[in-house]
Amino acid sequence: MPEHELKPRRIPLIDTYDVIVAGGGPAGCAAATAAAREGARTLLLESDSALGGMGTLGLVPWFCGYHDREKIIARGLAMHVHDRLRENMPHFAEWLAKNPLHDPPIDPELLKRIYDDMVTGAGADVLFMSRLTAVEKSADDEVEALIVASKAGLRAYRAKVYVDCTGDGDLAAWAGAPFEKGMEDGAMQPGTHCFVIANIDEEALAKGPRIHFYDPGSPIHEAIKSPKYPDIIDPHTCNMKIGPGVFGFNTGHVYGVDNTSPESLSKALLHGRKMTAQYRQAFADLHPAFKNAFLAATGSQLGIRETRRITGDYKITVDDYLARRSFPDEICRNAYGIDVHGQKNRIGALTNAGIDAFKKANEELTRPYGPGESFGVPYRCLTPKGLKNVLVGGRCISADRQANGSIRIMACCLNTGEAAGIGAAMAAKDACDAHAVNTDELRAKLRAFGAYLPTA
C-alpha cells in the first residue's frame, strides 16, 4: 500500500436519537430545547466548551432584533433568554424601566448558564468538544449518521431527523444540499473580533465624548488617522455596558475571512487579537475614561456574519423584506434592518466623506422599518432542498444575501431554531419527511409557547 493511502477505519456507532442538533449557538440551543420539550430524545453537539456561540464564546455584547419599535416580537424561547438576562443584570432592569424595548446586554458567563439550564432542563443531552466532521448519507436523500471527532476519537451518532445550526451550514452542505455563499464573486462580509474592556471610568465616560463613531468627538476618528494604530482602519465602534466599569465591544472589522477555511480563520484570529490590543491602547491614549482600563478578554470565536446560505424550499428575499410580507407557514416575525457590512474600500470612502454621509449611507443600506412593521419567516426556509430528514436554523437558513443581513441576528436565530426543533420532533414522531410537517400544527405549538404569530 502506498504511504499516502490510509487503511479504512471502523467508526463505532455510539447512540441513536430521535433528533440530533449540530451547533450549540442560539439557534442550536433553541432547537435542542424545543425538540426535547416535544418529547424527542435529543442530542446537541457543540464543537467548543460552552453553549451560546457568538453571545458567549464570541463576546457579542448585546442581542439585536427583539422588537419592532413598538413591542417585543422575538418571543418564545427568545423571550425566555431575554427575561433571564433581565432578572440577573441589575443595570438592564434599570434600562428597561426607562425603555421597555432596550436591547438586552450580554454578560457572557451568565448567558452560558442560561443556555445550559434551558437545554438540559428540557431533557436534551449535550456533548461539548465534539465537532461534526462528516455526514453519512443514504441513496434516498436521507442522512444516516454523523461522524463526530472528540477526545474519544471518531464516533458515529444516528438520528431520525437532524437540525443544522452550525451557522455555516456544514451538515446540510456536506450532505449535498445546494447553497449560496457570499456575493457572486465569493466575497463575504467582514468579521469582527469582539472584546471586553474592564475598569472603565463610567463617570468620565458619561461626560463624553461617546465611543460610537456617530459622535464627532469619538477617539476612533483620531485613531484612524494615527500611524500609531495601523490596524484600526475603519470607524466601526459599537459597544455596550455588560457590568460595572465593564463594556463589551463589537468593534472593528477583520476583512477577507472565510469561516469555512481553517487557514483563513486562523489568520483572521491572529490579526483580530492584534487589533483588539490597539483599540484598547487608542482608547486609553485618547479618552480619559480608559486611562486605567485593561483588555479583559477577546472572543474565543471570531464574529462571523456570512458564509453559506442553504437553499431551501423557499428563499426569503429582499423583496419580501421590503414588502413586509406575510406567509401562511411563517414561524416568526422579524423587524431588524438589512445589516450587510461593506467591504474595506467602501467603508474607507464613507469614512473620508464624513459622519453625516456615513449616517445617510447606513440608512440607505439598512432600509429600516417604521414602528410596528415586520416580515414573516416561513417554515420552508428551514427545509433544505434534496434532504428529507434535515432542517436548518439560524444564520444558514434559506435567504438571499440582503435578507440574510436581517435574519442572521441572534434573536431571530433563537426563533428559527425553536421552529426547526419542533419541526424535527414532529417529523421524527410521525416518521415523515421534514418537508411534509403540518405547519398549522407547528405554528399552534409555537403559539402555545408564546411565539408572536399575528397572521392566520
Side-chain angles (χ1 to χ4, degrees), residues 24-38 51-56 60-108 110-122 124 165 240 242 330-336 369 371-377 379 382 393-394 397 406-423 425 442-455:
C29 288
T33 301
R37 189 178 61 191
E38 290 296 307
L51 300 177
M54 288 298 100
T56 57
V60 172
W62 72 91
F63 278 92
C64 293
Y66 261 95
H67 62 82
D68 65 2
R69 297 171 60 190
E70 282 187 349
K71 59 190 172 297
I72 298 291
I73 62 172
R75 302 181 191 172
L77 288 173
M79 197 65 189
H80 170 86
V81 173
H82 175 283
D83 289 348
R84 299 298 82 75
L85 287 169
R86 178 178 60 190
E87 293 164 0
N88 294 281
M89 298 184 73
H91 69 283
F92 182 30
E94 294 173 9
W95 292 347
L96 284 174
K98 299 175 183 177
N99 175 11
L101 298 180
H102 198 292
D103 290 328
I106 296 173
D107 172 343
L110 169 61
L111 186 57
K112 288 176 187 177
R113 299 191 301 275
I114 291 171
Y115 283 135
D116 284 348
D117 292 344
M118 185 176 87
V119 173
T120 60
C165 296
M240 177 75 80
I242 62 174
E330 67 188 33
I331 44 81
C332 67
R333 304 288 296 184
N334 187 47
Y336 193 65
Y369 282 166
E373 296 181 329
S374 62
F375 69 99
V377 178
Y379 175 77
L382 314 184
I397 71 169
S406 173
I407 58 89
R408 66 176 175 79
I409 43 92
M410 291 188 291
C412 190
C413 287
L414 281 161
N415 282 166
T416 59
E418 183 173 9
I422 294 176
L442 186 151
R443 282 161 47 82
K445 289 177 180 291
L446 285 168
R447 278 201 182 96
F449 288 104
Y452 175 69
L453 292 172
T455 57

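All values derive from a computational prediction rather than experimental measurement.
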Contact check, side chains of L446 and Y379, non-hydrogen atoms, under 4.5 Å: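 Not touching, per the 4.5 Å side-chain cut-off.
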
[X] and [Y]: which non-hydrogen atoms are nearest, and at how many Å?
{"X": "P61", "Y": "I242", "value": "O-CG2, 3.9 Å"}
{"X": "P26", "Y": "Y115", "value": "CB-OH, 3.6 Å"}
{"X": "C332", "Y": "C412", "value": "SG-SG, 4.2 Å"}
{"X": "I72", "Y": "L101", "value": "N-CD2, 3.9 Å"}
{"X": "D68", "Y": "E70", "value": "OD1-N, 2.9 Å"}

Taking D116 first and then R113, would you say they form a salt bridge - that is, a charged N and a carboxylate O separated by under 4.0 Å?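 Answer for the salt bridge query: no.
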
Does R37 pair with E418 as a salt bridge, N-O distance under 4.0 Å?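 The answer is yes: the pair qualifies as a salt bridge.
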
Between [X] and [Y], is there a donor-acceptor pair closer than 3.5 Å when you use the side chain of the first and the backbone of the second?
{"X": "N334", "Y": "S406", "result": "yes"}
{"X": "S374", "Y": "R333", "result": "no"}
{"X": "R408", "Y": "C413", "result": "no"}
{"X": "R443", "Y": "L453", "result": "no"}
{"X": "T416", "Y": "G394", "result": "yes"}

Quick check: Y66 with H82 (ring centres under 6.0 Å apart)?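 Between Y66 and H82, which both carry aromatic rings, the centre distance is below 6.0 Å.
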
With sequence neighbours left out, which residue pairs that include part of residues 89-108 fulfil the side-chain hydrogen bond (donor to acceptor under 3.5 Å, both in side chains) condition?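 Those involving residues 89-108 do not exist here.
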
Could you walk me through whether R75 and F449 satisfy the side-chain contact (heavy atoms from CB on, under 4.5 Å) test, starting with their C-alpha distance in whole Å, then the side-chain angles of each, then the deciding distance to 0.1 Å, before giving a yes or no? CA-CA 9 Å; R75 302 181 191 172; F449 288 104; over 6 Å; no

Quick one: pull up CE in M118 and NE2 in H80 and give me the separation to the nearest 0.5 Å.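 Rounded to the nearest 0.5 Å, the CE-NE2 separation comes out at 6.0 Å.
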
CD-CG distance between E87 and L110, expressed to the nearest 0.5 angstrom: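 Between atom CD of E87 and atom CG of L110 there are 10.0 Å.
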
